[in-house]
Amino acid sequence: MKKPNIIGNILYQVSYELFAMLLPLFTAPFISRMLGADMLGSHSYSRSLATYFGLFGMLGVKNYGNREISVHRDTGDLNIWFWSIYSVQFLASLLMLIAYLGYTFFFVREDQAVTAVQAILIVDSMRHQLVSVRHGAVQEDHDVQHGR
């Protein structure tokens with residue numbers, strides 16, 4: 001097995017963080033000029049609404065999931081508990097996605113397309129929750145198997 005190169009990993013991480021911090025300094029003025037004040041405001045408003053709907057979809061699931069996974073970690077049915085918790089979170093997020101799209105199509109009169117596109121944020125939160133919770137469950141399962 002190849003030994004990890006710690007110095008290389010640190011350099012890659014630092015360069016990524018610098019790139020992530022510096023990129024908006026160059027792109028924000030260009031995007032602001034191209035969109036204009038009205039469209040930039042519409043984008044920011046619709047993004048904040050989509051973020052709130054996404055947060056409501058995940059409300060309390062992470063705490064409940066951590067508690068239940070830690071309680072049932074030694075019973076061997078960790079995988080069953082993970083998928084049952086995730087299915088609850090998925091259904092709650094799906095309900096919030098439907099509510100957000102309903103809000104978009106029935107109550108938003110201006111910039112409806114911009115608001116509808118922000119639904120991608122809610123879908124991304126569903127995907128992100130699966131990846132982060134699954135990684136935690138796999139890591140805990142790995143630690144239990146190796147006596148850590």
Side-chain angles (χ1 to χ4, degrees), residues 1-73 78-143 148:
M1 184 175 198
K2 186 178 178 182
K3 187 176 182 179
N5 184 0
I6 294 175
I7 301 297
N9 288 343
I10 291 172
L11 289 175
Y12 285 132
Q13 186 65 31
V14 167
S15 63
Y16 171 75
E17 293 295 329
L18 285 173
F19 180 72
M21 286 188 316
L22 294 176
L23 185 65
L25 293 175
F26 298 111
T27 59
F30 175 74
I31 292 173
S32 297
R33 192 173 354 139
M34 295 306 290
L35 288 179
D38 290 337
M39 283 303 293
L40 193 60
S42 296
H43 175 271
S44 297
Y45 177 71
S46 62
R47 185 177 177 104
S48 67
L49 280 178
T51 302
Y52 281 122
F53 275 87
L55 286 173
F56 280 122
M58 295 186 300
L59 194 63
V61 174
K62 186 173 183 178
N63 293 335
Y64 175 72
N66 287 337
R67 182 172 52 92
E68 290 301 317
I69 293 291
S70 65
V71 166
H72 295 92
R73 178 175 40 204
L78 191 63
N79 203 24
I80 295 169
W81 275 98
F82 165 76
W83 285 109
S84 64
I85 292 167
Y86 180 70
S87 63
V88 168
Q89 186 268 327
F90 180 81
L91 291 174
S93 293
L94 188 63
L95 181 66
M96 286 294 107
L97 177 63
I98 292 168
Y100 178 76
L101 290 174
Y103 168 78
T104 297
F105 293 120
F106 292 118
F107 296 108
V108 175
R109 298 290 177 234
E110 296 179 13
D111 301 322
Q112 196 173 47
V114 174
T115 307
V117 168
Q118 298 295 343
I120 294 171
L121 288 172
I122 300 171
V123 174
D124 184 56
S125 73
M126 294 162 68
R127 180 208 53 87
H128 177 71
Q129 189 70 10
L130 172 65
V131 170
S132 63
V133 172
R134 181 67 180 156
H135 175 70
V138 168
Q139 184 62 41
E140 284 182 10
D141 192 35
H142 180 268
D143 290 348
R148 294 182 195 162

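By the side-chain contact (heavy atoms from CB on, under 4.5 Å) test, L40 is found to be paired with S32, L35, residues two or more places apart in sequence or in another chain being considered. When the side-chain hydrogen bond (donor to acceptor under 3.5 Å, both in side chains) test is applied to S46, no partner is found at least two apart in sequence or on another chain.
The minimum heavy-atom distance between A92 and G57, with the atom names listed, is CB-O, 3.4 Å. Contact detail for P29 and P24: the closest heavy-atom pair is CD-O, 4.1 Å.
Ring geometry, W83 versus Y86: the interplanar angle exceeds 60°, so the pair is classed perpendicular (tilted spans 30 to 60°). Using cut-offs of 30° and 60° for the angle between ring planes, the Y100 and F53 rings count as perpendicular.
Looking only at distances, a side-chain donor or acceptor of S84 sits under 3.5 Å from a matching main-chain atom of W81.
Once rounded to the nearest 0.5 Å, the distance linking CD1 of I122 with CG of L95 reads 10.5 Å. For the atom pair CG (L23) and CG (L18), the distance works out to 12.0 Å, reported to the nearest 0.5 Å. Going from atom CG of L101 over to atom CE of M96 covers 11.5 Å, rounded to the nearest 0.5 Å.
No more than 12 heavy atoms of other residues, nucleotides or ligands lie within 6.0 Å of CD1 in I6, so this atom counts as exposed by the packing criterion. Within 6.0 Å of the OH atom in Y52, the count of heavy atoms belonging to other residues, nucleotides or ligands does not exceed 12.
Within the 4.5 Å cutoff, side-chain heavy atoms of L59 are placed close to those of F56. At a threshold of 4.5 Å between non-hydrogen side-chain atoms, the residues L55 and T51 count as touching.
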I'd like a table of donor-acceptor pairs (distance under 3.5 Å, sequence neighbours excluded) in which one partner is a side-chain atom from residues 7-15, with atom names and distances.
residue, atom, partner, partner atom, Å
N9, ND2, N5, O, 3.4
Q13, NE2, E17, OE2, 3.0
S15, OG, L11, O, 3.1
S15, OG, Y12, O, 2.8

Indicate every side-chain donor-acceptor pair of residues 107-121 with a distance under 3.5 Å to a residue at least two apart or in another chain.
residue, atom, partner, partner atom, Å
R109, NH1, F106, O, 3.4
R109, NH2, F106, O, 3.3
D111, OD2, S42, OG, 2.5
Q112, NE2, T104, O, 3.0
Q112, NE2, F105, O, 3.3
Q112, NE2, V108, O, 3.4
T115, OG1, D111, O, 3.1
Q118, NE2, H43, NE2, 3.3

